[in-house]
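Below: one structure, written as C-alpha coordinates.
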Amino acid sequence: MEDDPTLARTLKSLLEKLGFEVLISFDGKRGYELATTEEFDLILLDFLLPSMDGESLLKSLRQAGVNTPVLVLTVVSDVSKKVDLLSIGADDYLTKPFHLEELLARIKALIRRSYKKSSDLLKAGPVLVDTSKKKVYVNDREVMLTASEYSILEYLLLNRGKFVSRDEILLKALSSRSQPESNSVEVLISRLRKKLGIRDFIKSARGFGYIVE
(Lines give C-alpha, C1' and ligand atoms only; values in the text may rest on other atoms or scores of the structure.)
Protein backbone atom coordinates (compact mmCIF):
# COMPACT_ATOMS: atom_id res chain seq x y z
CA MET A 1 0.00 0.00 0.00
CA GLU A 2 1.78 3.07 -1.29
CA ASP A 3 0.52 6.56 -2.20
CA ASP A 4 3.39 7.28 -4.62
CA PRO A 5 2.32 5.69 -7.95
CA THR A 6 5.84 5.76 -9.41
CA LEU A 7 7.42 4.00 -6.43
CA ALA A 8 4.53 1.54 -6.16
CA ARG A 9 4.77 0.51 -9.81
CA THR A 10 8.56 0.26 -9.64
CA LEU A 11 8.34 -2.08 -6.64
CA LYS A 12 5.55 -4.08 -8.31
CA SER A 13 7.62 -4.58 -11.45
CA LEU A 14 10.70 -5.61 -9.48
CA LEU A 15 8.86 -8.08 -7.25
CA GLU A 16 6.93 -9.64 -10.13
CA LYS A 17 10.20 -10.26 -12.00
CA LEU A 18 11.36 -12.17 -8.92
CA GLY A 19 8.25 -14.37 -8.91
CA PHE A 20 5.95 -12.56 -6.47
CA GLU A 21 2.30 -11.80 -7.18
CA VAL A 22 1.64 -8.17 -6.28
CA LEU A 23 -1.54 -6.12 -5.70
CA ILE A 24 -1.32 -2.35 -5.24
CA SER A 25 -3.58 -0.05 -3.23
CA PHE A 26 -3.10 3.72 -3.33
CA ASP A 27 -5.41 4.50 -0.39
CA GLY A 28 -5.97 3.12 3.10
CA LYS A 29 -9.61 2.06 2.82
CA ARG A 30 -9.01 0.00 -0.30
CA GLY A 31 -5.92 -1.46 1.34
CA TYR A 32 -7.98 -2.51 4.35
CA GLU A 33 -10.54 -4.20 2.09
CA LEU A 34 -7.82 -6.15 0.28
CA ALA A 35 -6.00 -7.17 3.45
CA THR A 36 -9.17 -8.46 5.13
CA THR A 37 -10.59 -10.34 2.13
CA GLU A 38 -7.48 -11.76 0.41
CA GLU A 39 -4.59 -13.89 1.68
CA PHE A 40 -1.11 -12.36 1.42
CA ASP A 41 2.38 -13.45 2.43
CA LEU A 42 3.32 -9.86 3.26
CA ILE A 43 1.96 -6.31 3.35
CA LEU A 44 4.21 -3.39 2.36
CA LEU A 45 2.68 -0.35 4.07
CA ASP A 46 3.38 3.36 3.59
CA PHE A 47 2.04 5.41 6.50
CA LEU A 48 1.20 8.45 4.32
CA LEU A 49 -1.99 7.09 2.72
CA PRO A 50 -5.18 9.00 1.81
CA SER A 51 -8.64 8.10 3.22
CA MET A 52 -7.10 6.06 6.08
CA ASP A 53 -3.53 6.68 7.24
CA GLY A 54 -1.13 3.82 7.68
CA GLU A 55 -1.17 3.88 11.48
CA SER A 56 -4.97 3.63 11.63
CA LEU A 57 -4.93 0.95 8.96
CA LEU A 58 -2.36 -1.15 10.80
CA LYS A 59 -4.26 -0.88 14.09
CA SER A 60 -7.52 -1.83 12.36
CA LEU A 61 -5.95 -4.87 10.69
CA ARG A 62 -4.56 -6.19 13.96
CA GLN A 63 -7.88 -5.59 15.72
CA ALA A 64 -9.62 -7.49 12.91
CA GLY A 65 -7.33 -10.47 13.52
CA VAL A 66 -5.23 -10.09 10.38
CA ASN A 67 -1.79 -11.48 11.26
CA THR A 68 -0.13 -11.01 7.87
CA PRO A 69 3.43 -9.69 8.35
CA VAL A 70 3.61 -5.92 7.78
CA LEU A 71 6.74 -4.13 6.60
CA VAL A 72 6.35 -0.36 7.02
CA LEU A 73 8.02 2.06 4.60
CA THR A 74 8.48 5.36 6.41
CA VAL A 75 10.31 8.68 6.16
CA VAL A 76 10.43 8.85 9.96
CA SER A 77 13.95 8.48 11.35
CA ASP A 78 13.16 9.14 15.04
CA VAL A 79 13.82 6.00 17.12
CA SER A 80 10.82 6.51 19.42
CA LYS A 81 8.50 6.70 16.40
CA LYS A 82 9.96 3.47 15.04
CA VAL A 83 9.38 1.79 18.39
CA ASP A 84 5.76 2.97 18.19
CA LEU A 85 5.44 1.30 14.79
CA LEU A 86 6.48 -2.04 16.24
CA SER A 87 4.25 -1.63 19.30
CA ILE A 88 1.09 -1.19 17.21
CA GLY A 89 1.72 -4.30 15.15
CA ALA A 90 4.39 -3.68 12.51
CA ASP A 91 6.81 -6.57 12.03
CA ASP A 92 9.62 -4.48 10.55
CA TYR A 93 10.25 -1.05 9.05
CA LEU A 94 12.48 0.49 6.43
CA THR A 95 13.34 4.19 6.30
CA LYS A 96 13.06 6.04 2.98
CA PRO A 97 15.10 6.37 0.88
CA PHE A 98 16.19 2.74 0.87
CA HIS A 99 18.15 0.34 -1.32
CA LEU A 100 16.06 -2.19 -3.22
CA GLU A 101 18.46 -4.96 -2.19
CA GLU A 102 17.77 -4.27 1.49
CA LEU A 103 14.02 -4.15 0.89
CA LEU A 104 14.11 -7.51 -0.87
CA ALA A 105 16.19 -9.06 1.92
CA ARG A 106 13.71 -7.87 4.56
CA ILE A 107 10.75 -9.15 2.52
CA LYS A 108 12.31 -12.61 2.23
CA ALA A 109 13.20 -12.71 5.93
CA LEU A 110 9.67 -11.79 7.03
CA ILE A 111 8.07 -14.35 4.72
CA ARG A 112 10.39 -17.12 5.94
CA ARG A 113 9.72 -16.16 9.55
CA SER A 114 5.94 -16.16 9.10
CA TYR A 115 5.95 -19.60 7.46
CA LYS A 116 8.03 -21.10 10.24
CA LYS A 117 5.80 -19.62 12.97
CA SER A 118 2.65 -21.21 11.56
CA SER A 119 3.18 -24.60 13.23
CA ASP A 120 5.88 -26.62 14.93
CA LEU A 121 4.63 -29.90 13.45
CA LEU A 122 3.82 -30.45 9.79
CA LYS A 123 2.31 -33.75 8.66
CA ALA A 124 1.36 -35.26 5.33
CA GLY A 125 0.68 -38.98 5.11
CA PRO A 126 3.52 -40.88 6.83
CA VAL A 127 5.82 -37.84 6.82
CA LEU A 128 6.15 -35.71 9.95
CA VAL A 129 8.33 -32.59 10.15
CA ASP A 130 9.22 -31.01 13.49
CA THR A 131 10.08 -27.45 12.45
CA SER A 132 11.33 -26.45 15.90
CA LYS A 133 13.96 -29.22 15.93
CA LYS A 134 14.46 -29.43 12.15
CA LYS A 135 13.81 -33.17 12.19
CA VAL A 136 11.98 -35.34 9.66
CA TYR A 137 10.28 -38.67 10.30
CA VAL A 138 8.78 -41.23 7.93
CA ASN A 139 6.57 -43.79 9.71
CA ASP A 140 8.25 -42.71 12.99
CA ARG A 141 11.72 -43.36 11.53
CA GLU A 142 14.01 -40.32 11.46
CA VAL A 143 15.32 -39.40 8.02
CA MET A 144 18.52 -37.36 7.78
CA LEU A 145 18.34 -34.47 5.29
CA THR A 146 20.71 -31.71 4.29
CA ALA A 147 19.70 -28.14 5.16
CA SER A 148 18.59 -27.45 1.57
CA GLU A 149 16.61 -30.69 1.31
CA TYR A 150 14.92 -29.90 4.60
CA SER A 151 14.05 -26.36 3.49
CA ILE A 152 12.36 -27.64 0.34
CA LEU A 153 10.39 -30.33 2.19
CA GLU A 154 9.25 -27.87 4.85
CA TYR A 155 8.12 -25.40 2.18
CA LEU A 156 6.23 -28.07 0.26
CA LEU A 157 4.41 -29.15 3.42
CA LEU A 158 3.58 -25.56 4.34
CA ASN A 159 2.00 -25.30 0.89
CA ARG A 160 0.58 -28.82 0.72
CA GLY A 161 -2.30 -29.20 -1.68
CA LYS A 162 -1.04 -26.60 -4.15
CA PHE A 163 1.67 -26.52 -6.79
CA VAL A 164 4.82 -24.49 -6.13
CA SER A 165 7.11 -23.60 -9.01
CA ARG A 166 10.87 -24.08 -9.23
CA ASP A 167 11.34 -20.30 -9.10
CA GLU A 168 9.16 -20.05 -5.99
CA ILE A 169 11.25 -22.73 -4.27
CA LEU A 170 14.44 -20.87 -5.19
CA LEU A 171 13.06 -17.57 -3.96
CA LYS A 172 11.24 -18.60 -0.79
CA ALA A 173 12.71 -21.93 0.35
CA LEU A 174 16.33 -21.58 -0.72
CA SER A 175 16.76 -17.80 -0.58
CA SER A 176 18.94 -18.01 2.54
CA ARG A 177 21.40 -20.32 0.75
CA SER A 178 24.29 -18.68 -1.09
CA GLN A 179 23.30 -18.19 -4.75
CA PRO A 180 21.38 -21.44 -5.38
CA GLU A 181 21.24 -22.36 -9.08
CA SER A 182 17.98 -23.13 -10.86
CA ASN A 183 18.96 -26.71 -11.71
CA SER A 184 19.71 -27.37 -8.03
CA VAL A 185 15.97 -27.63 -7.35
CA GLU A 186 15.58 -30.70 -9.58
CA VAL A 187 18.67 -32.31 -8.04
CA LEU A 188 17.48 -31.65 -4.48
CA ILE A 189 13.95 -32.89 -5.19
CA SER A 190 15.38 -36.10 -6.68
CA ARG A 191 17.55 -36.71 -3.60
CA LEU A 192 14.65 -35.87 -1.31
CA ARG A 193 12.38 -38.40 -3.01
CA LYS A 194 14.99 -41.13 -2.62
CA LYS A 195 15.57 -40.39 1.06
CA LEU A 196 11.86 -40.30 1.89
CA GLY A 197 11.31 -43.50 -0.07
CA ILE A 198 7.60 -42.89 -0.62
CA ARG A 199 6.21 -43.39 -4.10
CA ASP A 200 4.55 -40.27 -5.54
CA PHE A 201 4.82 -38.33 -2.27
CA ILE A 202 6.27 -35.34 -4.11
CA LYS A 203 4.49 -35.07 -7.43
CA SER A 204 5.43 -32.84 -10.33
CA ALA A 205 3.73 -31.52 -13.44
CA ARG A 206 5.42 -29.70 -16.30
CA GLY A 207 4.55 -26.03 -16.25
CA PHE A 208 3.12 -26.18 -12.72
CA GLY A 209 5.93 -27.33 -10.42
CA TYR A 210 5.82 -29.62 -7.40
CA ILE A 211 3.08 -30.61 -4.97
CA VAL A 212 2.58 -32.66 -1.82
CA GLU A 213 -1.05 -33.69 -1.51
Side-chain angles (χ1 to χ4, degrees), residues 1-119 131 154-155 158-159 161-165 167-176 209:
M1 303 168 197
E2 170 64 59
D3 68 333
D4 182 341
T6 301
L7 176 58
R9 293 189 178 100
T10 298
L11 293 178
K12 183 176 189 293
S13 177
L14 169 69
L15 293 172
E16 286 179 338
K17 287 179 180 177
L18 292 171
F20 289 100
E21 294 182 18
V22 182
L23 292 180
I24 297 178
S25 172
F26 295 109
D27 68 86
K29 288 186 177 179
R30 175 58 178 157
Y32 180 84
E33 291 174 3
L34 286 173
T36 52
T37 57
E38 304 282 347
E39 289 189 13
F40 296 96
D41 291 327
L42 180 75
I43 295 172
L44 283 177
L45 177 61
D46 186 340
F47 262 28
L48 300 178
L49 293 173
S51 76
M52 179 189 290
D53 64 80
E55 182 175 353
S56 300
L57 173 57
L58 180 54
K59 289 179 179 178
S60 297
L61 290 177
R62 295 312 188 214
Q63 289 170 359
V66 176
N67 295 316
T68 306
V70 174
L71 172 56
V72 175
L73 305 179
T74 177
V75 295
V76 176
S77 57
D78 183 78
V79 173
S80 63
K81 294 293 184 182
K82 292 177 179 178
V83 171
D84 289 341
L85 296 179
L86 299 175
S87 67
I88 63 174
D91 294 272
D92 198 359
Y93 60 83
L94 192 57
T95 304
K96 296 180 180 180
F98 51 80
H99 292 287
L100 292 177
E101 292 83 359
E102 182 180 4
L103 174 64
L104 183 59
R106 289 175 183 265
I107 288 173
K108 290 179 179 180
L110 281 178
I111 290 175
R112 285 198 305 271
R113 193 187 311 163
S114 67
Y115 275 128
K116 292 178 181 180
K117 286 196 303 186
S118 60
S119 174
T131 61
E154 181 186 76
Y155 189 74
L158 286 167
N159 292 275
K162 72 174 187 179
F163 279 100
V164 294
S165 67
D167 289 343
E168 189 176 348
I169 290 173
L170 279 169
L171 181 67
K172 298 181 179 180
L174 299 176
S175 59
S176 61

Walk me through it: do Ile88 and Glu55 pass the test side-chain contact (heavy atoms from CB on, under 4.5 Å)?
CA-CA 8 Å; Ile88 63 174; Glu55 182 175 353; 3.6 Å; yes

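- Between Leu44 and Leu15 there is a side-chain heavy-atom pair separated by less than 4.5 Å.
- The backbone N or O of Tyr155 sits less than 3.5 Å from a side-chain atom of Asn159, completing a donor-acceptor pair.
- To the nearest 0.5 angstrom, Ser56 atom OG is 10.5 Å from Leu61 atom CG.
- In this structure, the separation between CG on Leu45 and CG on Asp91 is 11.0 Å, given to the nearest 0.5 Å.
- In this structure, Glu33 does not pair ionically with Lys29, as no charged nitrogen and carboxylate oxygen lie closer than 4.0 Å.
- A 4.5 Å side-chain heavy-atom check between Met52 and Asp27 finds every atom pair outside the cut-off.
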Check against side-chain contact (heavy atoms from CB on, under 4.5 Å), Leu11 and Leu73
CA-CA 12 Å; Leu11 293 178; Leu73 305 179; 4.3 Å; yes

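- The NZ atom of Lys17 sits 14.5 Å away from atom CG of Asp167, with the distance rounded to the nearest 0.5 Å.
- Formation of a donor-acceptor pair under 3.5 Å by the Ser13 side chain with backbone atoms of Arg9 is not found in this model.
- Between Ser51 and Gly28, the closest heavy-atom pair is OG-N, 3.4 Å.
- At a threshold of 4.5 Å between non-hydrogen side-chain atoms, the residues Leu71 and Ile43 do not count as touching.
- Side-chain contact between Phe20 and Ile111: present, with at least one pair of heavy atoms (C-beta onward) separated by less than 4.5 Å.
- How far CG of Leu104 is from CG of Leu14: 6.5 Å, rounded to the nearest 0.5 Å.
- When side chains are defined from C-beta on, Leu49 counts as touching Leu57, because their heavy atoms get closer than 4.5 Å.
- To the nearest 0.5 Å, the span separating CG on Asp92 from CG on Leu86 amounts to 7.5 Å.
- Between Ala8 and Phe26 the shortest heavy-atom distance is CB-CE2, 3.8 Å.
- The structure places CG of Leu23 at 8.0 Å from CZ of Arg30, a figure rounded to the nearest 0.5 Å.
- Thr74 places none of its side-chain heavy atoms less than 4.5 Å from the side chain of Lys96.
- Using modelled atom types, one side-chain atom of Arg62 and one backbone atom of Val66 make a donor-acceptor pair closer than 3.5 Å.
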